[in-house]
Amino acid sequence: MARTVEKLPALAREPRRRLPRDIPRFLLLCVLAMIFLTPIYWMISTSLKPESDTIAQPVQWIPARPTLENYREILASPDGNILRWTWNSVVMAFGYTFVSVTLCVLAAYPLARMRFWGREAWFWFVLSSMMVPGIVTLIPLYIMMIQLNWIDTYHALIWPGVAQAFGVFMLRQFFLGIPRELEEAARMDGANSLQVLRHVILPLSVPALVTLGVFSFMASWNNYVWPLFVVHGDMQTLPVGITLFSSRYVTDYGKLMAGTAIAALPVLVAYLFAQRYLVQGIALTGMKD
Amino acid sequence: MSARTAQERPQRKGSIFALNESNPLVPYLFLLPHAIFFFIFTVYPVGYGIWISTHRWDPLAPTQPYVGLEFYRNLFDPSTPQSQFFWRTLLNTLFFTAVSVPLLIAVALGLALLLHRPIVGRAFFRAVFFMPGILSVAVMGILWKWMFENQSGLVNIIASEYLGLPRLPYLTTEWLAWVPIVVGTVWWTVGFNMTLYLAALGNIPQALFEAAELDGAGSWARFRHITLPLLAPTTLFVAVTTVLASLQLFGQSLIITGGGPTRTTQSVIMYITEEAFSNNQFSSATAMSFVFGLVMLVFTVLQFRIMARDMQGGMR
């Protein structure tokens, strides 16, 4: 909610320390945090156990005989090349993010800064496309992929979603907040529009660009429905690939959890670094994809 | 200044691709790359979808005959399997929405209230509650399928070893199969809503609470009469976006239960994709997706209006 959220939760406001009163609240938060972390912990714990120990009773919270065998086997699995799927996801997510952010920057700038015929109409037209649920265009897009011969190619993974409306909306709002004076000074010096965008607007928009970049990357990396249908075999992406494992290794939870951990851990590590931008981005825009 | 005058006027300074102020085509040049992809992959598919749903689209047939509204009529004719399964899976989806949305609002608000005032490790807790949301639905689904596994899932182990409760075959029992889907979804997405609530709580002037405290208002009274009303716009936004997300239930059901047992947890999007990609009934599935899109439109319009309202406010 762009209007109501001008600042993030005020960390500065702290009237007085009320430690004793805070203890129950703190303990409750600890319990909740443990519950939230349990599935992740259980995934890692299971992935480090030999097959027989995964269903051992009584329950083994800590693997009694820790082993990396599951990881070794899943990486060499004849049922699917998990490294290739990871590479596909990397290509898709970076390709999509780069193209999409570039297109959104170029489109948002004139919508925020220039006067031209049809500006408002075009902005609302693009924005209203956010009202079309993904399922409505899924099948027509799939058929277009067949006709373009794009099934099982990176083209199918990257291009169809790049012209997002949300990115245009978000960047336009951000550009509107940049003082015009800065731009006018550059124009006096003879800079053209592209130079103004490149040398004045973009350096001031780094937080918005990073937020949009992180959002786009995550949306693409985690996308499930689209890759599930348009790519197969070695062209699959990591999330789709590991669900394949879940039907192959129905009872072998050690291997399945090793595969799931390989998909989850890089994202979790990246989260430790990008967390700030994500939380800010959600608070500032009030949007989730 | 219209595009037409721009084209009629002789090029004063260099080519029409010159990126200076005097070239009235400049804004359109900036818009063009986005617009091309927008037309091809967003606008055109909607129109193409209408065409597909009114023809019998068969990838192998040489012609795609026009059938009018046949596929739409099928959905309202109780004798067709399409209408039977479409409405049934739509009801499943609405059931899921009715159960998960109140949870996703209440738990998010509860977490936000717990974290709103400063406390040791606050940033850590916020990061933990938000973290599941960054995972792919695939990871989340596999994790919760394992957590609720009929025999050796952790939930059943804790129930039987620590609480002396019977093990329940969650994944294969009607109604019970919703438990892992709903619990997993709450775990997965509650952090988004919590973040929105935290931001909104940060904007409530502390003076209001202090004044109320001086007037002798207890903490419940302050929550009831200050916090809740001031959070109402946020709650509306959270509710609408969460309803929209819940109506699009797909991966959770597909991965955790496969839609079973006997389609009881199959969502409408799952059924639409089954009709298209398993039964090769692309036209019928497209018709369904348009009908479902209309059902969702009620909420998307609402979301759009809230966003537009906020944007107008932000511009001033």
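A note on names: the letters A, B, ... follow the listed sequences, proteins ahead of strands, and every chain is numbered from 1.
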- Query: Run the side chain to side chain contact (heavy atoms under 4.5 Å, CB included) check on A:Ile55 and B:Gln151 step by step: do they pass?
  - Reply: CA-CA 9 Å; A:Ile55 53 170; B:Gln151 277 304 312; over 6 Å; no
- Message: Please evaluate residues B:Thr42 and A:Gln164 with respect to the criterion side chain to side chain contact (heavy atoms under 4.5 Å, CB included), reporting the C-alpha separation (whole Å), side-chain torsions for both, the decisive distance (0.1 Å), and the verdict.
- Response: CA-CA 9 Å; B:Thr42 305; A:Gln164 44 170 331; over 6 Å; no
- Message: For a side chain to side chain contact (heavy atoms under 4.5 Å, CB included) check, start with the C-alpha distance between B:Thr300 and A:Met130, then their side-chain angles and the critical distance, and finish with the verdict.
- Response: CA-CA 8 Å; B:Thr300 34; A:Met130 287 171 81; over 6 Å; no
- Dump the intermediate steps for side chain to side chain contact (heavy atoms under 4.5 Å, CB included) on A:Val225 and B:Val137, then the final yes or no. CA-CA 10 Å; A:Val225 185; B:Val137 68; over 6 Å; no
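Chain B forms the most heavy-atom pairs under 4.5 Å with one residue out of A:Leu29, A:Val136, A:Val267, and that residue is A:Leu29. Interface summary for chain B: among A:Pro239, A:Pro160, A:Gly241, the most heavy-atom pairs under 4.5 angstrom belong to A:Pro160. Most heavy-atom pairs under 4.5 Å with chain B: of the set A:Cys30, A:Gly118, A:Cys104, A:Ala263, this distinction falls to A:Cys30. Across B:Ile52, B:Leu135, B:Leu254, the residue that shares the most heavy-atom pairs under 4.5 angstrom with chain A is B:Leu135. The candidate with the highest count of non-hydrogen atom pairs below 4.5 Å against chain B, out of A:Pro133, A:Ala33, A:Pro39, is A:Pro39. No other option in B:Phe299, B:Tyr162, B:Phe124 has as many heavy-atom pairs under 4.5 Å with chain A as B:Tyr162. Counting heavy-atom pairs under 4.5 Å between each of A:Ile143, A:Leu256, A:Val126 and chain B puts A:Ile143 at the top. Of all the listed residues (A:Thr137, A:Val59, A:Thr243), the one sharing the greatest number of non-hydrogen pairs under 4.5 Å with chain B is A:Val59. Annotation: maximal heavy-atom pairing with chain A below 4.5 Å, among B:Ala138, B:Gly49, B:Ser136, B:Gly121, occurs at B:Ser136. Interface remark: of the candidates B:Ile157, B:Leu114, B:Ile40, B:Leu114 forms the most heavy-atom pairs closer than 4.5 Å to chain A. Of the listed residues B:Val128, B:Val139, B:Leu154, B:Leu143, the one with more heavy-atom pairs under 4.5 angstrom with chain A than any other is B:Leu154.
Using a 4.5 Å cut-off on side-chain heavy atoms (C-beta onward), B:Ser289 and A:Leu138 make no contact. Put simply, the side chain of B:Phe125 reaches to within 4.5 Å of the side chain of A:Phe26, judged on heavy atoms. Taking 4.5 Å as the limit, some side-chain heavy atom of A:Phe36 sits within range of a side-chain heavy atom of B:Pro132. Residues B:Val301 and A:Met131 have side chains in contact (heavy-atom distance under 4.5 Å, counting atoms from C-beta outward). Annotation: side chain of B:Phe30 is in contact with side chain of A:Leu197 (closest heavy-atom distance under 4.5 Å). Residues B:Arg117 and A:Arg25 are in side-chain contact: their nearest non-hydrogen atoms beyond the backbone lie under 4.5 Å apart. Residues A:Arg119 and B:Pro27 have side chains not in contact (no heavy-atom distance under 4.5 Å, counting atoms from C-beta outward). Between B:Val268 and A:Ile135 the shortest side-chain heavy-atom distance does not fall below 4.5 Å.
Once rounded to the nearest 0.5 Å, the distance linking CD1 of B:Ile142 with OG1 of A:Thr260 reads 4.0 Å. Rounded to the nearest 0.5 angstrom, B:Met288 CE and A:Ile139 CD1 are separated by 8.5 Å. Between A:Leu106 atom CG and B:Leu32 atom CG the span is 10.0 Å, to the nearest 0.5 Å.
Proximity to chain B is absent for every atom of A:Gln195, based on heavy atoms less than 4.5 angstrom apart. Residue A:Met145 touches chain B through its side chain alone, counting heavy-atom pairs closer than 4.5 Å. Proximity to chain B involves both the backbone and the side chain of A:Leu268, based on heavy atoms less than 4.5 angstrom apart. Looking at B:Ile36, neither its backbone nor its side chain comes within 4.5 Å of chain A, counting heavy atoms on both sides. Using a 4.5 Å cut-off between heavy atoms, A:Phe125 contacts chain B through both its backbone and its side chain. Of the atoms belonging to A:Val132, it is side-chain heavy atoms, and not backbone ones, that fall under 4.5 Å from chain B. Proximity to chain A is limited to the side chain of B:Leu111, based on heavy atoms less than 4.5 angstrom apart. Looking at B:Phe277, the atoms closer than 4.5 Å to chain A (heavy atoms on both sides) all sit in the side chain, from C-beta outward. Within the 4.5 angstrom heavy-atom criterion, atoms from both the backbone and the side chain of A:Leu32 approach chain B. For A:Thr46, the part sitting under 4.5 Å from any heavy atom of chain B is the side chain, from C-beta outward, and nothing else. Heavy atoms closer than 4.5 Å to chain A are found in the side chain of B:Ala276, but not in its backbone.
For A:Trp159 and B:Phe37, the distance between ring centers is under 6.0 angstrom. Checked against the 6.0 Å centroid criterion, the rings of B:Phe38 and A:Trp122 qualify as a close aromatic pair.
The two residues A:Ala107 and B:His34 make their nearest non-hydrogen contact at CB-CB, 3.7 Å. Closest approach of B:Gly133 to A:Met218, counting heavy atoms only: O-CE, 4.4 Å. Here the shortest heavy-atom pairing between B:Trp146 and A:Thr54 reads CH2-O, 3.7 Å. Here the shortest heavy-atom pairing between A:Thr38 and B:Met147 reads CG2-CE, 4.2 Å.
Ring geometry, B:Phe250 versus A:Tyr224: the interplanar angle falls from 30° to 60°, so the pair is classed tilted. Using the six-membered ring where Trp is involved, B:Phe304 and A:Trp124 have ring planes that are perpendicular, over 60° apart on the 30 and 60° scheme.
Exactly one of A:Val168, A:Leu103, A:Leu111 qualifies for a side chain to side chain contact (heavy atoms under 4.5 Å, CB included) with B:Leu31. That residue is A:Leu111. When each of B:Trp57, B:Tyr48, B:Tyr44 is checked for a side chain to side chain contact (heavy atoms under 4.5 Å, CB included) with A:Pro140, only B:Tyr48 meets the rule.
A:Asp22 places no side-chain N or O within donor-acceptor distance of the main-chain N or O of B:Ile119, the cut-off being under 3.5 Å. Under the 3.5 Å distance criterion, the side-chain polar atoms of A:Tyr271 are matched with a main-chain donor or acceptor of B:Ala127.
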